[in-house]
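In what follows, a single structure is set out as structure tokens and then discussed.
Because only heavy atoms are used, hydrogens play no part in the values below, and waters and symmetry mates are left out as well, while side chains stay in.
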Amino acid sequence: MNAFPTEQDIKTTLTLLIDEYKVPESIIKEMFGNQNYRKLNSILSSLQKNIVDTRELARMLIVEKGAYLFSGHDDAVRSLRSHLIRQLNSTDLQDLYNRNPSHGRAITSPSYMIKPLAEKKWVMGGTWPRDFVKTLGFPMIFSGISVPKSASTESVVDIEARKAVPPLADFQIGLKDRMLEVLNMQGDKTRCVVTLPTGGGKTRVAVESFIEWMQIRFSEGKYMIWIAQSEELCEQAISCIIDMWQEKEFPESLRIYRYFAGKKVQEDQLIGGVVVASIQQIYSRIKNDDPVIIEILKNCGAMIIDEAHHAVAPIYRVLLNKAEELRGPNLFPICGLTATPGRNNEETTMLVDQFQAYLIQPKLPPDSRYFRNPLLYFRTEGYLAEPKHIVYQSGSSVEINEDELEEAEGDFKSEFLEVLANDDNRNKTIVGHLLEIPKGTSTLVYACTVSHAEFLTSVLNAVGRKAAAISANTPKATRRMYIDAFKKGHIEFLFNYGVLTTGFDAPKTEYIVVCRPTTSVVLYEQIVGRGLRGPKFGGTETCTIIDFADNITRLGKPLAYRRFHEFWETEPQPRKRGVRV
């Protein structure tokens, strides 16, 4: 069954909602949000587009909510379910209730069955949703049955052999050789920080290096601990580890442990292997004296910290203190991975100093241009895309004070971003420029808030541009479904807030649109890095980054994109022709 409603599914559902069951306009608008409906038509009017009528709005809801059209427990969706159930004749209603009764309640009157049915818990693909859509004649996808459910996220998985992967590029081979040289020379005392520009394949290089070094140690019951900051990054690492292990044709299997997102590993499952973990889960288990993490640390053969600029946080000190208590001062090899925009920065220097580590970075050809700007090498060779930077004035002018900045990062608080998200004129400017992007191109859009991402998605869909929105609130299965559709070109615009900064890989992204201002260089670099994969790494020749500039007065530090002057201001270089890897 399809992951998305087909055109026939949409047509059938629209006919049932509007023509057959005559769902009131008030319910449809409530589902969409009355305020959003007014804002939507205001923007469409400014663009000289037709306003959205009830039928078109219902179609938009079907497309955007997909399998989740009837799912949820808010008043709007319950009103929709209640209205639909109310249209059944008494016999069908009684039969529906008798198959899905309320526990502990004996109801015989059909009129009293409507409310408990409408409020019944909706479990995607469950018995009740399936019965609901079948009885009312809707396509089965709207029960949630077709939403992908991955069987690959178990806490423990054994990886067998054999899978071919593209060979490492020359600069990656140099990094790998240097990493293995340091590991073999320093052993347990190894401390290194590996830097590569975003899109340069630092995960792949680190995985291949450490898998080879750890291979014999896995059979001795040792663990390689890979620490990442998000579930997406953890899953990305697991995917890369699986590919590398299968490609190397090692004679034995490798056990991988998912130690994040609350997944539990039992003591009797521990036989050595790779532990992919979030620092939050490790910290929590250490605090609770979990015997599993104690056993893993006692037998740790190496630790890799992805996005290592986070390793200066106190939570990591708890981990390292516990490891030292269990293993002694030498601990085990520790490697940090970090991306830089091609220049030495304070965070990398601080990281190297804190861990007293070797700094391992690509060895580039002896060219003064590359010394001044290392990124030029990666672009010239086709490993990274050539960035085109465009700044549009949003027309928004707002004053800020220190209370509207986060203490830790000095970035904007959500309350301030909410103000920008609700600025109608700013949104009209954004939509106008989004519609200038050629049809059929892949565009990632970073919104100010979750509701901002969802609203802009509605506007784009209303004018016939395929769009979807995801956030931390989006169910994981749906998030994977939308991302996969975006990669395949089924969705032109993928709007998001707070989730597609790391651990997301869509090499064919052609436009990055930053609607949310930020003063964080790290966050901004992670955002634009989603589109910088070059043709030799399966990406694009160029990637256009669009920033919307707001007149933010009394802001002490500059917006992040202003600190990337050297990153943007490079003369385009001719590509070297070569074999794509």
Okay, side chain of [X], backbone of [Y]: is any donor-acceptor separation there less than 3.5 Å?
X: Ser45; Y: Asn41; result: no
X: Arg81; Y: Leu117; result: no
X: Tyr21; Y: Leu136; result: yes
X: Lys488; Y: Ala485; result: no
X: Ser239; Y: Gln236; result: no
X: Ser82; Y: Arg78; result: no

Would you call the rings of [X] and [Y] parallel, tilted or perpendicular, where under 30° means parallel and over 60° means perpendicular?
X: Phe537; Y: Tyr383; result: tilted
X: Phe70; Y: Phe142; result: perpendicular
X: Phe132; Y: Phe138; result: parallel

For residues [X] and [Y], report the shortest heavy-atom separation together with the two atoms involved.
X: Thr441; Y: Glu510; value: CA-OE2, 3.4 Å
X: Asp306; Y: Lys202; value: OD1-CE, 3.8 Å
X: Ala468; Y: Ile491; value: CB-CD1, 3.7 Å

Taking atom types as modelled, is there a side-chain donor on [X] or [Y] under 3.5 Å from an acceptor on the other?
X: Ser284; Y: Gln280; answer: no
X: Thr6; Y: Asp9; answer: yes
X: Asp547; Y: Tyr524; answer: yes
X: Glu25; Y: Thr54; answer: yes

Around [X], counting heavy atoms of other residues, nucleotides and ligands shown, do more than 12 lie under 6.0 Å from its [atom1]?
X: Gln35; atom1: CD; result: no
X: Asp484; atom1: CG; result: yes
X: Lys466; atom1: NZ; result: no

Exercise. If you measure from the Lys or Arg side-chain nitrogens to the Asp or Glu carboxylate oxygens, is any gap between Arg59 and Asp53 under 4.0 Å?
Worked result: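 No, this pair does not count.
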
Exercise. Between Arg258 and Glu235, is the closest basic N to carboxylate O distance under 4.0 Å?
Worked result: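 Answer for the salt bridge query: yes.
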
What's the spacing between [X] [atom1] and [Y] [atom2] if we round to 0.5 Å?
X: Arg55; Y: Leu17; atom1: CZ; atom2: CG; result: 9.5 Å
X: Ile51; Y: Ser42; atom1: CD1; atom2: OG; result: 11.5 Å
X: Phe455; Y: Ile430; atom1: CZ; atom2: CD1; result: 10.5 Å
X: Asp423; Y: Cys448; atom1: CG; atom2: SG; result: 9.5 Å

For this session: Let me know which of Phe486, Phe495, Phe493 forms a side chain to side chain contact (heavy atoms under 4.5 Å, CB included) with Thr443.
Result: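 The option that passes is Phe493.
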
